[in-house]
Number of protein chains: 2
Amino acid sequence: MAYATTRFAENGYHPTSVAEIVQGLGVGKGVFYWYFASKEELFLEILRDAQRQLRRRQEAAIADEPDPVRRIELGIRASMAWFDGNRAVVKLLQFASTEERFAPVLRRGQDVAVADTARHVKEGIVEGRIRDLDPFVLSHAVLGVTGHLAREFVHERSQSVEDVAEVAVAFCLEGLLGAQ
Amino acid sequence: MAYATTRFAENGYHPTSVAEIVQGLGVGKGVFYWYFASKEELFLEILRDAQRQLRRRQEAAIADEPDPVRRIELGIRASMAWFDGNRAVVKLLQFASTEERFAPVLRRGQDVAVADTARHVKEGIVEGRIRDLDPFVLSHAVLGVTGHLAREFVHERSQSVEDVAEVAVAFCLEGLLGAQ
DNA sequence: ACCGTTCTTGACCGCTCGGTCAAGTTCTTC
DNA sequence: GAAGAACTTGACCGAGCGGTCAAGAACGGT
């Protein structure tokens, strides 16, 4: 499954054939169809696995931090770190969102992640520390920044995760203009 | 080309065959290969066209606004409006970034857009109105927010472009915490 | 009226794909 | 050590792909 993930990420899902995967693994085609119902099912499995991993990582990072704003920050940093260590999977997640067939699975996972962040945002609003805008839109904004910066600077330009995470946190919390 | 764009967006690039496109258009296959060298070339043409369109729209919106911060805001609103009117193309741009073959074309267009935004950000920093962080990272952050919110709320949830643009601008300029 | 260029057709080609399956091998259990 | 379950193989299949091309229609200049 790890090998298939890298092949899919390098070549694209459709251009990568089952034959190519099993050949690279040095096994017969039959063994593939013994463990997976189809090529599509394998891909869905990879997707679900990735979402579980990311979620666990985020939860572990946030642990029992009481400050909601700090929880958001820790979530951003944890996501960025996971994106850094799973470049191939990130590419697959991005591709999956462009195919009608895979979008539903993706959507479910994303909704969970957003709901988590939105909870912290709501708390922040109640405490009067976050401006009173739609928490779901704000959560998605945070998600958008984190994902895009990770892809652009950590993956494409190999910049340090910590540096990029630092700017991402600064941008999400205080925007371009800064707060003082 | 418009028809091919919607087919690619609905079905995905690879699953959509040339036969399907020409049949939907009610023409023979030969006429396709008279105007385009290959399926790939058609796709690249769509990509380049989209980037040109978006750029023109942004430039028109910014026109000769003197305030750099306001230029950024106008750029966000213009992008959001274009994303709203070109859902299919947006999906294609997103797909293209996951295929090694199309990434270079995309990259060039994005770099131009980012360089534009970065210019305004730099001006803002010089004027002391934008915090002193890497202008390129900040520009990408803005781009990430705008794209993600457009896809999520304008495309998927059919919310009003103006409302989403409003929050996007607020988030980009002042972040979650707000500045006062 | 004629001819060369431009444009259009769809049957056709070679190839590769996802998936099947009869056959064989290895592991587990008693 | 026999028997059956679990696993593995790769040749094979029908389907569909991107792309070609001989044939001809439409058009424009003279």
Side-chain angles (χ1 to χ4, degrees), chain A residues 1-51 88-107, chain B residues 1-51 88-89 91-106:
Chain A
M1 227 170 84
Y3 180 74
T5 301
T6 65
R7 298 299 317 185
F8 283 152
E10 279 171 15
N11 269 79
Y13 171 72
H14 291 290
T16 302
S17 67
V18 175
E20 199 179 327
I21 295 170
V22 298
Q23 200 155 44
L25 249 26
V27 300
K29 223 181 195 178
V31 74
F32 179 94
Y33 285 96
W34 178 265
Y35 289 107
F36 300 100
S38 64
K39 186 187 173 184
E40 188 174 331
E41 203 50 58
L42 159 67
F43 192 75
L44 287 170
E45 205 53 58
I46 293 173
L47 251 44
R48 282 188 282 258
D49 199 58
Q51 290 179 323
V89 186
V90 171
K91 224 169 187 178
L92 264 41
L93 289 170
Q94 203 186 349
F95 162 77
S97 71
T98 71
E99 291 259 323
E100 222 55 66
R101 223 169 331 150
F102 304 128
V105 179
L106 226 64
R107 170 147 256 82
Chain B
M1 230 169 83
Y3 180 74
T5 302
T6 66
R7 299 298 318 184
F8 283 151
E10 279 170 17
N11 268 76
Y13 170 73
H14 291 292
T16 302
S17 67
V18 175
E20 200 179 325
I21 294 170
V22 297
Q23 201 155 43
L25 249 27
V27 299
K29 223 181 196 178
V31 73
F32 179 94
Y33 284 96
W34 178 266
Y35 289 106
F36 301 100
S38 66
K39 185 187 174 185
E40 187 174 331
E41 204 50 57
L42 159 67
F43 192 76
L44 288 170
E45 205 54 57
I46 292 173
L47 251 45
R48 281 189 282 257
D49 199 58
Q51 290 178 323
V89 186
K91 223 169 189 178
L92 262 43
L93 288 170
Q94 202 185 350
F95 162 76
S97 72
T98 70
E99 292 259 322
E100 223 54 68
R101 223 172 327 152
F102 304 128
V105 179
L106 226 64

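In what follows, chains are A, B, ... by sequence order, proteins preceding strands, each numbered from 1.
Atom CZ in A:F43 sits roughly 19 Å away from atom C1' in C:dG19 (whole-Å rounding). In this entry the distance linking CD of A:Q23 with P of C:dG18 reads 13 Å, nearest Å.
In this structure, NE2 on B:H14 lies 10.5 Å from OG1 on B:T16, to the nearest 0.5 angstrom. Remark: A:E45 CD to A:M1 CE distance equals 5.5 Å, nearest 0.5 Å.
The heavy-atom pair separating B:E20 from B:P15 by the smallest distance is OE1-O, 3.9 Å.
Counting heavy atoms from C-beta outward, A:F43 and A:L92 have side chains that approach closer than 4.5 Å. Using a 4.5 Å heavy-atom threshold, the side chains of A:P104 and A:R107 count as separate.
Residues A:F8 and A:F95 keep their aromatic ring centres 6.0 Å or farther apart.
Residue B:W34 has a polar side-chain atom (N or O) positioned under 4.0 Å from OP1 or OP2 of C:dC7.
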Report all interatomic pairs (protein N or O, nucleotide N or O of nucleotides 16-20 of chain D) with separations under 3.5 Å.
from, atom 1, to, atom 2, distance (Å)
D:dC17, OP1, B:S17, OG, 3.4
D:dG18, OP1, B:K39, NZ, 2.6
D:dG18, OP2, B:V18, N, 2.9
D:dG18, N7, B:K29, NZ, 3.4
D:dG19, OP2, B:Y33, OH, 2.9
D:dG19, OP2, B:K39, N, 3.0
D:dG19, N7, B:K29, NZ, 3.1
D:dG19, O6, B:K29, NZ, 2.3

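Contacts between residues 97-104 of chain A and DNA chain D, defined by a heavy-atom separation below 4.0 Å, involve no residue at all.
When the ring pair (Phe, Tyr, Trp, His ring centres under 6.0 Å) test is applied to B:F36, the partners found at least two apart in sequence or on another chain are B:F32.
Other residues, nucleotides and ligands place no more than 12 heavy atoms under 6.0 Å from the CD atom of B:Q23.
Here A:F36 lies out of heavy-atom contact (under 4.0 Å) with every strand.
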